[in-house]
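Written below as structure tokens is the structure these notes are about.
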Amino acid sequence: MLDHQQELRFCKARRDAIARDFYRLNPEQQKAVLATEGPLLLLAGAGSGKTTVLINRIANLMKYGRGSDCAEVPEWVTPDDLALLENYAQTGEGDPFRIEQLCRLEPAAPWTILAITFTNKAAGELKDRLSAMLGPAAEDIWASTFHSACVRILRRDIEKLGFSSSFTIYDTDDSLRVVKDCLKDLDMDDKQFPPRSVLGYISRAKDALKLAPDYLAECEKSGDYRLTKIAKVYVEYQKRLWDANALDFDDIILHTVRLLQQCEDVRTYYQEKFRYVLIDEYQDTNNLQYLLASTLAGGYENFCVVGDDDQSIYRFRGATIENILSFENQYKGCRVIRLEENYRSTKHILEASNAVIRNNRGRKGKELWTKAGEGEKLHLYSAMNENDEAQYVATRILEHYSQGRKWKDHAILYRMNAQSNQLENACKRNGIPYRIIGGTRFFDRAEVKDMVAYLAVLNNTEDDLRLTRIINNPPRGIGAKTIETATEIARRDGVSIFSVIDNARMYPELDRSAGKLAQFTNLIAELSALLQVLPLDQFYEELMIRTGYATMLETKNTVEDRTRLENIRELLTSINGYLENAGDEPTLAGFLDEIALYTDLDNHDPDQDCVVMMTMHSAKGLEFPVVFVVGVEEGIFPGTRAIGEPEEMEEERRLCYVAMTRAKERLFLTCANQRMLFGRTSANRPSRFVEEIPNEHLERSGRSFLDRSSSWEGGIPSRSSGYEGGFGSYGSYGGYTARSPYDQRPEPRSAEYQSSFVRAMGTGNPPPSGGAYAPQRPKRTVAPAGGVKSAAAAGPDFKKGDMIRHKAFGQGMILSIQKMGGDALVEIAFDNVGTKRLMLKSAAAHMTKLS
DNA sequence: ATCATAACGCTTTTT
DNA sequence: GCGTTATGAT
């Protein structure tokens, strides 16, 4: 037994002893790891080692339980023990086994820890790192996304809410189709009520925990005609999901919350089960998710939320920054720890980012700092157009590559996926390997969704939506009319469409198509039988064949169909992946769950040496040595709908902050004076965010927005600090060429503006006979100072068999040149990097002929 | 019923 | 510029 004084000393020593395990962390990080009990708000800035803290915190929980954060002393502790521990705390010497025994206080079992993240990727990473640190015990930690945790809970108990536990999950696309159908059946105009926006209303209603009938009643009471109509769609929408035994993304959380609220036994079960609850990316939670998390944590209230209010970028889907801003009010007496030391970026990058985010009002206030060096200034390149912009990025990347950087050190970030095209092309023609993350995702492809729809119908024949998707795909002679009448009957009798077509003969209206329908239901029955006996992967192969889907693609045999076929085969990889991971009894339902919540944002493997292109949103949580943020223009970033909307603007600024803080060493921003987007050209001024970066952190090149006209027409040097080093090739021109060196578009049709190369290759001008690419001018001309009409893009002429040196790829020989449009495709065998196919116009800028 | 073409509209971000 | 959808022809 210890006296009170000794107990206090013991607790301090215990804490210090435990802290030794985390000596690598900085003091604030340690605090966060050791504060195990009670509500904790962890404000973790970008690159502050948030995940590390999370992992170590869990490790602490499992190893020492409450040891580091409580005033309790076991009765068996002796003064000798105290001395031992104090000595260890100071010197690190002592029997580790005994020390651990002394420090430990009710270690948490893995299954009592719930760690929730937003993306599958984050959850996977968390699991991996926990496994690496804690071994197999980590398997039992509930580390998952909101959605998968909820599905797990619902599968167990949703029947208490009257749903079947074999529910299917609708993704946004499915939901949208249902809304469209509802609108049609309710005779509503989908221009007056855009399905997307209707879905938004439904989603917000759910976020406010309002069920369809209540919402309708409320809207009727308010007398708002439009809202009432929308509420009616909500009612109908929900009815259809119910009939299909389906839940949408919001329902998954909503019903979990309802289940916990309504069923005391379920609530108590989880509240007692989860001793520690951790929520990552708390700034991205919406109301529903807050309710869920706080309810689950309601037992022990060991509720740790981690987030960064400055990185909240999902307001559009209901995330409310309020959750993080008001956490302290909701949990009086909670502890707040700020992680403000940044381990990722250089000073220039960090301070520029700080300067930008400082313009936001609704924030907790936080200034990141770093011990890292100044690094290089950020760079803004003002391009002439989107093409020039892309070429600039490509050139920079080639340059870095030639200096020894890896491709994968580079990331290109843009505001919207539509911007990726030009960049993709620039990479292609310059021989830069790249990967696009996001965009049309694998599981969003029509052919993949078709195959998944087959699986979904086999899993749940009441899934009318999926059924109608595949009933005539591939074509089976079951037309729209037949489907429509079957749907009507189904609705009338309150049964599923499948049961109607399965008994088609009983309905005179369907008599004519009964044969065709029977063929289809037989197919399903046959597959269903097969499913019972075959393992999932083999079954899937049968599915591809017996449905006729594979055959359909094979016979068409266009380029697209080839890739489609590959895609549906690729689904087999997913199945195998599932079979490997799902240790206990893999089921079709289990697989469908997994892919319903899966996006292929998750499979960006960092080992592949590729430049990575993605939206700024997708980049959250990632880091790269070199980052290009493109399209930094008013109207794009910030987007038009943010201009004039202070709230939206702050969100855009946060997005900007996220994008900028991805960069470790170099950060390039680019904008274009003129850009074609969505088929329209527009001239945008550089983004206000750029103006918010102090000049001491930013250097500029290209042409500024204001002197666009003068430099275009007169070629007067627009700024002394003009672009100076186009990868060595354009380094010495002091004046301005009319065309940017990066421009890849056909040149103006005036002889003075045409380079010899373009004249040879240009669309209207066939190359002169007698040496296809015979020089018309000597080597690349360097513009005279102030020179106006030089042809900077002109290059020497290359021909098959030439030995060349490429600035990034080194020495090589031209294998072939193939004319293509206004350009040519060259195939070059490089000594070191293998054979590459490049577009000549781009490549020429980086190549010299070896004589 | 199915294919082809035209017209149309729509463009953030995603679990 | 894209993809989707509505319409008409086979």
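Order of the sequence lines sets the chain letters (A, B, ...), proteins ahead of strands, with each chain counted from 1.
One can place CG of A:Asn286 at 14 Å from P of B:dT15, the figure rounded to the nearest angstrom. Spacing between atom CZ of A:Arg317 and atom C1' of B:dT15 amounts to 5 Å, rounded to whole angstrom units. Across the protein-nucleic acid pair, A:Leu622 atom CG and B:dT14 atom P stand 12 Å apart, rounded to whole Å. Distance CG (A:Asp444) to P (C:dC2): 20 Å, rounded to an integer number of Å. Atom CD1 of A:Ile253 is separated from atom C1' of B:dT14 by 13 Å (rounded to the nearest Å). Atom P of nucleotide B:dT13 and atom CD of A:Glu647 are separated by 21 Å, given to the nearest angstrom. When rounded to the nearest whole Å, the span between CG of A:Leu176 and C1' of C:dG3 equals 14 Å. The nearest whole Å value for the distance from the CG atom in A:Asp173 to the C1' atom in B:dT15 is 14 Å.
In this structure, A:Lys180 reaches the sugar-phosphate backbone alone: every heavy-atom distance under 4.0 Å involves primed, P, OP1 or OP2 atoms, never a base. Contact annotation for A:Phe118: backbone-only contact, meaning every heavy-atom pair under 4.0 Å involves sugar-phosphate atoms and none involves a base.
The side chain to side chain donor-acceptor pair (under 3.5 Å) search around A:Asn245 returns A:Ser164, not counting sequence neighbours. Legend: residues meeting salt bridge (charged side-chain N to carboxylate O under 4.0 Å, His left out) with A:Arg653, ordered by chain and number and at least two apart, are A:Glu692. Judged as a side chain to side chain donor-acceptor pair (under 3.5 Å), and not counting sequence neighbours, the contacts of A:Asp250 are A:Ser203.
Applying the ring-ring contact (aromatic ring centres under 6.0 Å, His included) test to pairs two or more places apart or on separate chains, those with a residue in residues 629-652 of chain A are A:Phe637-A:Phe689.
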Counting only pairs under 3.5 Å, give me each side-chain donor-acceptor contact of residues 181-194 of chain A, with atom names and distances, residues two or more places apart or in other chains.
residue  : atom : partner  : partner atom : Å
A:Asp185 : OD2  : A:Arg240 : NH2          : 2.8
A:Asp185 : OD2  : A:Arg491 : NH1          : 2.8
A:Asp189 : OD1  : A:Lys191 : N            : 3.1

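Close to B:dT13, at under 4.0 Å from its OP1 or OP2, lies a side-chain N or O of A:Asn417. For B:dT14, the OP1/OP2 oxygens have a side-chain nitrogen or oxygen of A:Ser618 closer than 4.0 Å.
Residues A:Val630 and A:Ile412 have side chains in contact (heavy-atom distance under 4.5 Å, counting atoms from C-beta outward).
Donor-acceptor pairing under 3.5 Å, judged by distance alone, is absent between the side chain of A:Thr119 and the base of B:dT14.
Ion pairing between a basic and an acidic side chain is recognised when a charged N comes within 4.0 Å of a carboxylate O; A:Glu509 and A:Lys481 show no such pairing.
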Interface polar pairs with nucleotides 1-11 of chain B, N/O, under 3.5 angstrom:
residue : atom : partner  : partner atom : Å
B:dA1   : OP1  : A:Gly479 : N            : 3.0
B:dT2   : OP1  : A:Gly477 : N            : 3.0
B:dT2   : OP2  : A:Asn472 : ND2          : 2.8

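Stacking between A:Tyr314 and the base of B:dT13 is absent under the criterion of ring centres within 5.5 Å and planes under 30 degrees.
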